[in-house]
Amino acid sequence: MQTVPRQTWVRPADEGWEEVLESFLAEHPDIDTFEVILPDTNGVLRGKWLPGNAIRKVFEEGVALPFALFGLDVWGREVEETGLHIETGDMDGVCWPIARTLKIVPWTERKTAQVLMHMYDRAGSPFLIDPRHVLARMTGKLAEHGLSGTSAFEMEFYLFEESEGDWSGPPKPVFSTHLGPARQNMYALSDLESLMPLVDEIRAGAELQGILADAAVSEAAPGQFELNLHHRNDPLMAADDAVLLRRLVAGVARKHKLKASFMAKPFAEWPGSGMHVHVSMEDETGNIFADPVHGETRLMHAIAGLIDTMPQSLLLYICSFNGFRRMQPGSYAPTSICWGYDNRSVALRVPASKPSASRIEHRIAGADANPYLVLTGVLAGMLEGIKVKAEPPPPVEGNAYEKGFKRLTPWMDEAIDAFVASERMKEAVGAHMHKVLTDIKREELNAFGREISSLERQTYL
């Protein structure tokens, strides 16, 4: 990273930002609060609240925030092993707005605007531990091979009744009951209708913020729901949508006295929440999987690459200690390294679709994962298979949980070790992110290992 005087901070290229800014200010001259948002390595949103009259200054001068924000664990604590903290002088980078994400925040009482940021050094170069730049770097690698990616996320989450901030006991999801069997109510329209004001507000908020939301469904447990996003031809925009949708859902739920949680596995007995991503690749002629002559062959290459890199990239998809609890047989969360056509028990599903929509549904990630890193890992695996023209094993028919395929590890330490040992993952995310993510995840794992559980006390005291 280059060191230059503060007054010479260089603004990165962002065509059209002036027009976006002027149009927004003309329509909303009375903004009270301005939120600048920077997703960190874990996907946790960091940033600042500024007065509304600071919007123009932020766009013209950027916002100084510490590089060290990308060296925090999930609790927001400094992980010294990352080398991003006081040993560097705790230097600031400069964060610049992503102009098209300048939007109104619809759930606040005061008139509020928000914008997503990404971090650069003072010379205008991307800070390559910012996960958004990690994904941008991967899209650049695709471009070198004449390819681009189209993707869309599906987000699962639970809605819980508020507990005044005390989540030490089991949460209570909406529609739960202590009488009779659990109210699973999969795809029940009645559950959506019961929450119509909230669902309508989420839909209206997504439209206001330019988030291309699609279907809403009641999922496989009491109080569990799924929201689908439309595909984007730009992977960065798809990941932005996922980040902003999680924030929108949480904000609207809070307004309605509920808590929206994207925790991967809040209950042992009920399904966890996943983040599925649908991905295709394009060249100058369109979707390379839709080509009537070579499409199926290229699809097989991409699947083979994903299967080959799956164990070493797992930490990008399952990023939390809790997330590994989700990987249970029979739970609709994939547990083995396999693929299949229109099969929801596999890790990689090829959905039934018209040829022009041929794609891969990657089903491994937990709902709490960082969308930028998830998509980086998926694109890296697909590109790897396409480059070497790899061939996958045969597709799975029937229940993959009963077929005896090689398992994805359910242990966080094994996933960390596989990621650390992988030169391909170091190349995929860059050497700096490879080290920082490893350091953070090891520290988080150690923190959970130092805790004594209530079960241990009940058993051994």
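Reckoned from all heavy atoms, side chains included, excluding hydrogens, waters and symmetry mates.
You'll find the ring centres of His133 and His118 inside the 6.0 Å limit. The distance between the ring centers of Trp96 and Phe127 does not fall below 6.0 angstrom. Ring centers of Phe267 and Tyr158: under 6.0 Å apart, within the cut-off. Side-chain rings of Phe153 and His278 stay apart, their centers remaining 6.0 Å or farther from each other.
Considering all non-hydrogen atoms of both residues, Leu306 and Val378 come closest at CD2-O, 3.3 Å.
Taking 4.0 Å as the cut-off between side-chain N and carboxylate O, Glu22 and Arg56 count as a salt-bridged pair. A salt bridge is absent between Lys57 and Glu60; no separation between the charged side-chain nitrogens and carboxylate oxygens falls under 4.0 Å. Under a 4.0 Å N-O distance rule, the pair Arg247/Glu35 qualifies as a salt bridge. Here Arg132 pairs with Asp240 in a salt bridge; the nearest charged N to carboxylate O distance falls below 4.0 Å. Note on Arg122 versus Asp92: no salt bridge recorded, every NZ/NE/NH1/NH2 to OD/OE distance being 4.0 Å or above.
Relative to the ring axis of Trp17, Arg11 places its NZ or CZ within 45° and under 6.0 Å from the centre.
Not a single donor-acceptor pair under 3.5 Å links the side chain of Ser422 to the backbone N or O of Phe419. Side-chain atoms of His301 never come within 3.5 Å of backbone atoms of Glu391 as a donor-acceptor pair (strictly under, hydrogens ignored). A donor-acceptor pair under 3.5 Å is formed between the side chain of Tyr317 and the backbone N or O of Gly377. With hydrogens and angles ignored, the 3.5 Å screen pairs no side-chain donor or acceptor of Asp214 with any backbone N or O of His231. Side-chain atoms of Asp73 come within 3.5 Å of backbone atoms of Trp75 as a donor-acceptor pair (strictly under, hydrogens ignored). A side-chain donor-acceptor contact under 3.5 Å links Glu156 to the backbone of Gly274.
Using a 4.5 Å heavy-atom threshold, the side chains of Pro106 and Leu248 count as touching. In this structure the side chain of Ser273 never reaches within 4.5 angstrom of the side chain of Met263, judged on heavy atoms. Two residues are said to be in side-chain contact when any heavy atoms from C-beta on lie closer than 4.5 Å; Thr150 and Arg232 fail this criterion. Contact of the Phe70 side chain with the Asp130 side chain is registered, since non-hydrogen atoms from C-beta on lie closer than 4.5 Å.
For Lys111, the side-chain hydrogen bond (donor to acceptor under 3.5 Å, both in side chains) test picks out His28, Asp30, with sequence neighbours left out.
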